[in-house]
Amino acid sequence: MKIEWRSKYQIGIEAIDNQHKYFLELISRINEQLYLSPDAETIKRFMNELIKYAEFHFCSEENIMYFEKYPGLKIHHNLHSEILTQLHERMIFSDIALDLESMKLLVQFLIDWFSKHTIEEDKAFADFLKNKEV
Ligand SMILES: [Fe+2]
């Protein structure tokens with residue numbers, strides 16, 4: 001099942017929106033694989049790619065915040081670190097035993113996290129930028 005991009009995810013900063021679209025595509029790819037022909041090695045490889053992309057994306061987003069002197073940067077950085085720690089921990093568990101149901105839960109967790117983080121936290125930065133320009 002493909003996970004579609006929704007307009008509510010759009011924060012209005014092109015560089016970040018483009019990365020978010022790709023991030024969602026990576027989640028979607030895992031989701032589709034899980035419902036098609038899930039094999040542990042493929043899922044693990046896709047998850048590793050997603051984690052590495054998340055690391056890049058967070059770094060990129062935080063750099064934009066840094067250069068814009070965003071006062072919420074530190075808190076935002078902590079939120080990014082938190083999710084990365086959680087993903088790494090879950091991948092260690094999945095090394096021991098990758099079961100399909102827990103992977104489906106992990107994908108759902110990722111979708112929920114992405115949606116909430118983008119709409120609330122990243123949008124707050126976009127609002128800050130907008131007010132700064134006025
Ligand atoms: Fe973020």
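Side chains included, hydrogens not; waters and symmetry mates left out as well; all remaining heavy atoms used. Whatever order the structure lists them in is the order used to number ligands and atoms, beginning at 1.
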Legend entry - Glu61 backbone or side-chain N/O/S under 2.8 Å from the Fe ion (ligand 1):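 Yes, within the cut-off.
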Legend entry - Aromatic Phe128 / basic Lys69 pairing, under 6.0 angstrom, 45° off normal: no
Legend entry - Angular separation of NE2 (His76) and OD1 (Asp122) seen from the Fe ion (ligand 1), to 10°: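 Once rounded, the angle between the two atoms at the Fe ion (ligand 1) is 80°.
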Inset, instruction - Keeping the roles fixed (side chain from Ser60, backbone from Phe56), state whether a donor-acceptor pair exists under 3.5 Å. - result: no
Legend entry - Atom of His117 closest to the Fe ion (ligand 1), considering N, O or S atoms: NE2
Legend entry - Test ring pair (Phe, Tyr, Trp, His ring centres under 6.0 Å) applied to His76 and His117, step by step: CA-CA 10 Å; His76 205 104; His117 181 84; 4.8 Å; yes
Inset, instruction - Please check if atom NZ in Lys52 has more than 12 non-hydrogen atoms from other residues, nucleotides or ligands closer than 6.0 Å. - result: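 Incorrect, the count does not exceed 12.
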